[in-house]
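Step one of this worksheet: look at the structure below.
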Protein chains: 4
Amino acid sequence: MKKQSPKKLQRKTEIVEAAVKVFAEKGFFKAKVSDVAKEAGIADGTVYLHFKNKDDLLIYLFENKMEHILMRFNSQLAESIDPIEKMKLFFQIYFKIIKEDKKLAEVFQVELRQSVKFLKDYHNQKFIDFLNIIGGIIKQGKQDGFFNPELNTNVTKILIFGALDETARQWILGTNSKYSLKEAVDHISSILITGLLIV
Amino acid sequence: MKKQSPKKLQRKTEIVEAAVKVFAEKGFFKAKVSDVAKEAGIADGTVYLHFKNKDDLLIYLFENKMEHILMRFNSQLAESIDPIEKMKLFFQIYFKIIKEDKKLAEVFQVELRQSVKFLKDYHNQKFIDFLNIIGGIIKQGKQDGFFNPELNTNVTKILIFGALDETARQWILGTNSKYSLKEAVDHISSILITGLLIV
Amino acid sequence: MKKQSPKKLQRKTEIVEAAVKVFAEKGFFKAKVSDVAKEAGIADGTVYLHFKNKDDLLIYLFENKMEHILMRFNSQLAESIDPIEKMKLFFQIYFKIIKEDKKLAEVFQVELRQSVKFLKDYHNQKFIDFLNIIGGIIKQGKQDGFFNPELNTNVTKILIFGALDETARQWILGTNSKYSLKEAVDHISSILITGLLIV
Amino acid sequence: MKKQSPKKLQRKTEIVEAAVKVFAEKGFFKAKVSDVAKEAGIADGTVYLHFKNKDDLLIYLFENKMEHILMRFNSQLAESIDPIEKMKLFFQIYFKIIKEDKKLAEVFQVELRQSVKFLKDYHNQKFIDFLNIIGGIIKQGKQDGFFNPELNTNVTKILIFGALDETARQWILGTNSKYSLKEAVDHISSILITGLLIV
DNA sequence: AATGAATGAGATTTCATTCAT
DNA sequence: CATGAATGAAATCTCATTCAT
């Protein structure tokens, strides 16, 4: 890791913010580097002083944003001990983050998925870490005798993430079916946690 | 709907099959029309005798495949009356389809998502129809006194779809966490249906 | 010259008529062979049973139509002896032809001009013949003591053709300035013939 | 009107000059954008930094060149008051311009004509302005009692333009009939002005 | 003779990336 | 550091022409 001067880092952050906006609106492929530059109020070439190329910008965006998100989850979840409460809290934080930054959510939900395909050698560790937060809660819940011990943590964490992610995505798109984020959290909590509990 | 000579329709179908393969492997944006043509064993220009452009090919692919899938769900689900059984059956059919045509599943799950963004004026009716199959089962289950009547059908159907979809995707990608499709169906059935039941 | 069966000739003529219409509307370059075929109510390939290629169709169209036009001028002008009357008659016939077949006129006026450029080795003999009809009248007029003998026949015939052609063209396009064909003939006759006369 | 940096404007002008040359030689349709780029000594893509597309380049070429030509006519014609002298001067300037820039003349005379057809919504105001310079002289001549007051200015201006234009074109093409530009001017002046005068 | 699906060369256009200023 | 004009590889799409039926 190279250290960056604070000034340079700030400029880099500005570009990332611009990229989030532009990628959310147009999608990564349709977005031009010049769109990002214009949004950031800089020249096209300047983007390349901070990022090797367009792919690099996307990866950095993921890594950087994910890092913040992971830190946020970890610090806030630390407050709670009860796995059931922890899971509910996870759901709340998730939707809170979505609500706070719709654009970022859009980029993550849409572009993240296909990034796997085209960024051949990009191993998305941060996403795995994220899933493992859910996995950790499940494990703890099983250990503590709340959750059904027969559940496969791997499948379950993905199942939960999918439910969260899709309800969030449809809420952002605002198409198909309208509902409030509160309704979403309540349903997720109610249905999924009930489903996890020991019969 | 224009009628097509059987010969023309067959060629069109061949192109769609090639497109599924190529889009699944490279992603829609990275895939070249010439890749699709080569895969179909035809000249580049021939693609344009059947589709207005690359976007049109993607849309037709969705519509066409979705139509078959919807028909399959509808006919097979008709056999069952009990909403709980119906929901389980839905899960089984879903994963069966995924298993049968991984490539198609990849295109749907990865490319479908971003298509919404760039195909500005494409109203994805077939996807809505698909979601409403789940919605229908939920409604019936609430009416018949099996499922919690306080559940919002809209949120719930999306939540269920998300759980299904994500477990399917991760299975296809084979990254992050490995599990069998059987495990996936069992977990989905167990967790979600339990979660839906009246307490 | 190959002889053609009457049936074949008729089909060829149909294609030429379709080509006149399509070339007039779209211009030679923008017109597709398939447009011509569709207009003629035949298959694309059939055009190539009668013409070597698209250029050949244009050239045949010119030659063929010009032949008729030249014959018409020659036969009708034979009735008159007086060069002044002959010139006036020429103007009348010219505008009559234009009026009768606007589409053909459009093709001639627009496409003929640029054909010179792209049909490298096409020597437009028929057009020269056409100009020489005017040239012949001028010469006769000079010999008979009506027209100024100092006029260069070559320049004059072109000058006259230009005046005719442009007034006809603007009338067809109907843009810029509106006037009747009668006005056009009268002005041409009045201005040009006065200008030609011996002072 | 957008302002352009002087550097950008210069490059744009270079492209236009190259386009004049290439369009004159090959014709607009046969000319490739890459031909223009090569002629200008730049990369293909650079053309698109200055013009939206090939059509746009043609239109700009017309507008830009016509503007200069119109200014030239207007400033030089201002020197003369007598409508007859003014008309003669118009002819002289016209042929002088043709002589100075044959290539441009070719583009105007050959390509301009068909452009009307394919540039559907291009209203050629500059050409109308040009015709109206002739129209103005005719009007003045009628008012001042030199020209036949019964002449329709609209028809007459077009007639004159046609005579000028065609003699110029045939001179440029150098086909059919050879003559000097001086002969052309003399004949035009003699024939047309005589024809316009009050009997 | 007629068809029209298929071809594939070739043109237009885009845009990530570079580099002289 | 920043700029933004220029590059040119590469992709999409068109359509005259062919040829098996």
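Here is how names work: the chains are called A, B, and so on, in the same order as the sequence lines, proteins then strands, and each is numbered from 1. It should be emphasised that the depicted structure is a prediction, and the values quoted were computed from it without experimental measurement. Just the heavy atoms: all of them, side chains too, but no hydrogens, waters or symmetry mates, feed the values below.
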Rounded to whole Å, CG of A/D55 lies from C1' of E/dT17 at a distance of 13 Å
Closest non-hydrogen atoms of C/A24 and C/V107, given as atom of the first, atom of the second and distance, are N-CG2, 3.5 Å
Separation of E/dT14 atom C1' from A/K26 atom NZ, nearest Å, is 13 Å
Query raised in the report: Is there a side-chain contact between C/F108 and C/L61 (heavy atoms, below 4.5 Å)?
Result: yes
Taken to the nearest whole Å, CG/D/L58 to C1'/E/dT12 is 16 Å
Rounded to the nearest 0.5 Å, the CZ atom of C/F28 sits from the CG atom of C/L57 at a distance of 7.0 Å
Practice problem: Identify whether any heavy atom of B/A31 sits under 4.0 Å from a base atom; if not, whether one sits that close to sugar-phosphate; answer base, sugar-phosphate or nothing. | Solution: sugar-phosphate
Is the phosphate of E/dT17 approached by A/Y48 (side-chain N or O, under 4.0 Å from OP1 or OP2)? yes
From CZ of D/F29 across to P of E/dT12 the rounded distance in Å is 11 Å
Sorted by position of nearest nucleotide on DNA chain E, 5' first, the leading residue of A/K52 and D/V33 is D/V33
Residues C/I69 and C/L104: closest non-hydrogen pair is CD1-CD2, 4.2 Å
Sort me out a list of protein N/O and nucleotides 1-3 of chain E N/O pairs below 3.5 Å, or just none if empty.
from: E/dA1; atom 1: OP2; to: C/K8; atom 2: NZ; distance (Å): 3.3
from: E/dA2; atom 1: OP1; to: C/R11; atom 2: NH1; distance (Å): 3.4
from: E/dT3; atom 1: OP2; to: C/A43; atom 2: N; distance (Å): 3.1
from: E/dT3; atom 1: OP2; to: C/T46; atom 2: OG1; distance (Å): 2.6

If pairing means Watson-Crick or G-U wobble with both distances under 3.5 Å, then the partner of F/dT21 is E/dA2
From CZ of B/F51 across to P of F/dT14 the rounded distance in Å is 15 Å
When rounded to whole Å, the NZ to P distance for the pair B/K54 and F/dT14 reads 15 Å
To the nearest angstrom, the CD-P distance between D/Q10 and F/dA6 comes to 10 Å
Rounded to whole Å, NZ of A/K38 lies from C1' of F/dT3 at a distance of 15 Å
Across every strand shown, the nucleotide meeting Watson-Crick or G-U wobble geometry with E/dG10 (both distances under 3.5 Å) is F/dC13
- Before accepting this row, confirm whether a basic side-chain N of the pair A/K65/A/E17 lies closer than 4.0 Å to the acidic partner's carboxylate O. yes
Nearest-nucleotide check on DNA chain F, D/V47 vs B/K32; residue mapping nearer the 5' end is D/V47
Original post:
Would A/E25 and A/K30 pass as an ion pair if we require N to O under 4.0 Å?
Top reply: no
Notebook entry, point to check: Salt bridge or not for C/R11 and C/E14, using N-O below 4.0 Å?
Noted result: yes
